Colleague: 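Below is one structure. I have some questions about it.
Both ligands and their constituent atoms are indexed starting at 1 by order of listing. What you see is a predicted model, and the numbers here were worked out from it, not measured in a lab.
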Amino acid sequence: MPWFTTDSPSRVINVALLGNGTVGKEVAQCITERHEELRARSGVAVQLAGVAVGEPSRHPEVPRSLLTTDPYSLATRADVDVVIEAMGGLDPAYPVVSSALESGRPVVTANKELVASYWSQLHKSAAAGHSDFRYEAAVAGAIPLVTPLRQSLSGDRISNFTGILNGTCNYILTAMDIHDQPFDAALQEAIDLGYAEADYARDVKGIDTADKAAILASLSFDTVVDRAAINCEGITNVSITDIRSARDRGHVIKLIASCQRPTHDDDNVPLEIDVRPTAIPRSHPLATVSGATNGIEIEAALAGNLLLCGPGAGGQPTASAILGDLFTVIRNTYA
Ligand SMILES: NC(=O)C1=CN([C@@H]2O[C@H](COP(=O)(O)OP(=O)(O)OC[C@H]3O[C@@H](n4cnc5c(N)ncnc54)[C@H](OP(=O)(O)O)[C@@H]3O)[C@@H](O)[C@H]2O)C=CC1
Ligand SMILES: N[C@@H](CC=O)C(=O)O
């Protein structure tokens with residue numbers, strides 16, 4: 001039974017896809033190859049109105065008529081119903097996404113740097129344009145985390161979370177721990193598998209994890225986190241010797257993001273957010289989270305302890321989160 005009920009079951013939803021890299025390609029493939037299945041499930045026909053890229057010659061699989069190097073014009077085109085942003089970076093992503101939101105177009109993005117850096121501005125743009133703004137894919141790949149925090153846990157009181165939020169770093173640390181693999185070789189594999197950011201320094205320096213922690217903290221504590229104030233240390237100084245010595249003590253090193261509210265009685269006390277490599281006992285639930293998998297423990301007053309785990313990076317897991325958001329905005333906006 002389609003959830004979009006109308007006399008015209010084939011309403012067409014035009015999607016502007018910004019970016020056709022590791023993530024964008026998977027989204028484009030799902031929208032085009034699973035077109036009929038998605039229409040049967042949703043009652044709407046989702047189609048690509050255009051695909052913005054940096055260099056068209058790198059995208060021979062996309063019809064030339066759909067390609068553009070001008071994401072701004074595509075995202076604000078009159079016939080575009082929804083914008084999916086998977087370019088990364090802040091420029092042109094910020095002006096494009098904010099303009100699309102202000103002009104009333106729902107936006108789905110995977111870009112954590114964008115969401116963490118312009119949290120207030122983007123939410124204001126969405127409010128000004130009465131537009132749905134979704135970013136499930138920006139944190140922990142396929143793990144449903146943003147939506148549970150926005151909805152399922154919104155009546156509860158979260159006291160803290162602790163998580164592994166970067167697939168690239170966890171892949172490297174796991175390879176060093178289990179296979180004694182050198183850092184650089186493991187990093188190269190993570191890049192080849194599509195887990196790393198275009199600038200992999202954002203992964204290994206902990207910047208990407210801090211962006212995600214800022215987003216989760218803003219949602220968990222209903223506040224605006226100052227991203228620049230987050231203490232952040234990456235994994236570039238973690239050596240094989242550190243890994244072995246942790247192993248000898250029954251520990252494993254993980255890049256851990258943690259956040260806690262110091263007291264429940266005073267909402268003005270700042271949050272303590274921290275990103276750093278941490279040796280945790282092998283018996284800790286997060287110790288078994290290996291490879292590009294992410295995991296997060298959330299403690300809430302009523303729910304107790306929640307542990308969410310799953311693929312945290314890569315084209316397909318991220319596309320799963322984007323498509324979920326896409327269908328949520330279509331349902332919210334056009335049903
Ligand atoms: N890879 C992953 O596992 C995950 C990535 N993300 C996020 O998703 C986003 C995309 O990541 P990913 O797919 O890996 O990145 P890629 O580098 O693989 O792809 C980026 C795409 O954006 C295009 N692009 C870049 N700049 C512009 C521009 N100025 N105008 C038009 N197009 C542009 C590129 O075009 P061209 O190819 O022609 O250069 C490319 O197609 C990032 O924000 C990332 O943080 C989120 C979760 C997981
Ligand atoms: N580079 C990121 C991609 C997903 O967010 C990571 O490795 O986790």
Colleague: If you draw a 6.0 Å radius around CG in Asn237, do more than 12 non-hydrogen atoms from other residues or ligands fall strictly inside?
Modeller: no
Colleague: Quick check on Phe183: does its CZ atom have over 12 non-hydrogen neighbours (other residues, nucleotides or ligands) under 6.0 Å away?
Modeller: yes
Colleague: Name the closest protein heavy atom to atom 41 (O) of ligand 1, giving the residue it belongs to and the distance to 0.1 Å.
Modeller: Asn20 N, 2.9 Å
Colleague: Any non-hydrogen side-chain atom of Lys254 less than 4.5 Å from a side-chain atom of Thr174?
Modeller: yes
Colleague: For atom 43 (O) of ligand 1, find the nearest protein heavy atom and state the residue, atom name and distance (0.1 Å precision).
Modeller: Gly88 CA, 3.1 Å
Colleague: State whether the shortest distance between N or O atoms of Asp208 and N or O atoms of ligand 1 falls below 3.5 angstrom.
Modeller: no
Colleague: Identify whether the distance between the nearest side-chain nitrogen and carboxylate oxygen of Lys112 and Glu197 falls below 4.0 Å.
Modeller: yes
Colleague: Do Gln188 and Asp192 have a side chain donor and acceptor closer than 3.5 Å?
Modeller: yes
Colleague: Got a second to check how far Leu67's CG is from Glu55's CD, nearest 0.5 Å?
Modeller: 10.0 Å
Colleague: Could you say whether the N/O atoms of Gly19 and ligand 1 ever approach to under 3.5 Å?
Modeller: no
Colleague: Check ligand 1 against Ala313 and write out every atom of the ligand that is under 4.0 Å from a heavy-atom position of the residue.
Modeller: 3 (O)
Colleague: Pick one of side chain, backbone, both or neither for how Thr318 approaches ligand 1, counting any non-hydrogen atom pair under 4.0 Å.
Modeller: side chain
Colleague: Judged on heavy-atom distance to atom 33 (C) of ligand 1, which of Ala137, Gly24, Gly54 sits nearest?
Modeller: Gly54
Colleague: Answer yes or no: is there an ion pair linking Arg77 with Asp70, defined by an N-O contact shorter than 4.0 Å?
Modeller: no
Colleague: Would a 4.0 Å cut-off, counted as strictly less than, catch a protein heavy atom around atom 14 (O) of ligand 1?
Modeller: yes
Colleague: Please list the nearest protein heavy atom to atom 5 (C) of ligand 1 with its residue and the distance rounded to 0.1 Å.
Modeller: Val23 CG2, 3.6 Å
Colleague: Taking only Lys NZ, Arg NE, NH1 and NH2, and the carboxylate oxygens of Asp or Glu, determine whether Asp177 and Arg282 approach each other closer than 4.0 Å.
Modeller: yes
Colleague: Using a 4.0 Å cut-off to any heavy atom of Gly314, which atoms of ligand 1 qualify?
Modeller: 2 (C), 3 (O)
Colleague: Checking a contact table here: which protein heavy atom is nearest atom 39 (O) of ligand 1, and how many Å away?
Modeller: Arg58 NH2, 2.7 Å
Colleague: Is the shortest side-chain heavy-atom distance between Pro148 and Glu136 below 4.5 Å?
Modeller: yes
Colleague: Provide, to 0.1 Å, the distance between atom 18 (O) of ligand 1 and the closest protein heavy atom, together with that atom's residue and name.
Modeller: Thr22 N, 3.0 Å
Colleague: Working to the nearest 0.5 Å, report the span between CG of Asp180 and CD1 of Ile243.
Modeller: 9.0 Å
Colleague: Looking only at protein heavy atoms, which one is nearest to atom 17 (O) of ligand 1, and how far off is it?
Modeller: Ala198 CB, 4.0 Å
Colleague: Are any of the side-chain nitrogens in Asp208 or Lys212 under 4.0 Å away from the carboxylate oxygens of its partner?
Modeller: yes
Colleague: For ligand 2, give me the residues whose heavy-atom distance to it is below 4.0 Å, by chain and number please.
Modeller: Lys112, Asn166, Gly167, Thr168, Tyr195, Ala196, Glu197, Asp203, Asp208, Lys212, Gly312, Ala313
Colleague: Give a yes-or-no answer on whether the side chains of Ser125 and Glu102 include a donor-acceptor pair shorter than 3.5 Å.
Modeller: yes
Colleague: Please work out which of Lys25, Met87, Glu55 has its closest non-hydrogen atom nearest to atom 25 (C) of ligand 1.
Modeller: Met87
Colleague: Hey, what do you get for OG1 (Thr209) to CG (Asp203), rounding to the nearest 0.5 Å?
Modeller: 7.5 Å
Colleague: Would you mind running through ligand 1 and noting each atom that sits below 4.0 Å from a heavy atom of Pro92?
Modeller: 29 (N)
Colleague: Return yes when His59 approaches ligand 1 closer than 4.0 angstrom through a heavy atom, no otherwise.
Modeller: yes
Colleague: At a 4.0 Å threshold, what atoms of ligand 1 neighbour a non-hydrogen atom of Pro71?
Modeller: 30 (N)
Colleague: Among all protein heavy atoms in this structure, tell me which lies nearest to atom 44 (C) of ligand 1, with the distance rounded to 0.1 Å.
Modeller: Glu197 OE1, 3.4 Å
Colleague: For atom CG of Asn332, is the number of surrounding heavy atoms from other residues, nucleotides or ligands below 6.0 Å larger than 12?
Modeller: yes
Colleague: So which protein heavy atom does atom 2 (C) of ligand 1 come closest to, and at what separation?
Modeller: Gly194 O, 3.6 Å
Colleague: Regarding ligand 1, does Gly21 bring an N or O atom to under 3.5 Å of one of the ligand's N or O atoms?
Modeller: yes
Colleague: Rounded to the nearest 0.5 Å, how far apart are CG of Leu308 and CG of Asn294?
Modeller: 11.0 Å
Colleague: Side chain, backbone, both or neither: which part of Ala110 comes within less than 4.0 Å of ligand 1 when only heavy atoms are counted?
Modeller: both
Colleague: Kindly indicate whether the side chain of Ser239, heavy atoms from C-beta on, has any atom under 4.5 Å from the side chain of Asp242.
Modeller: yes
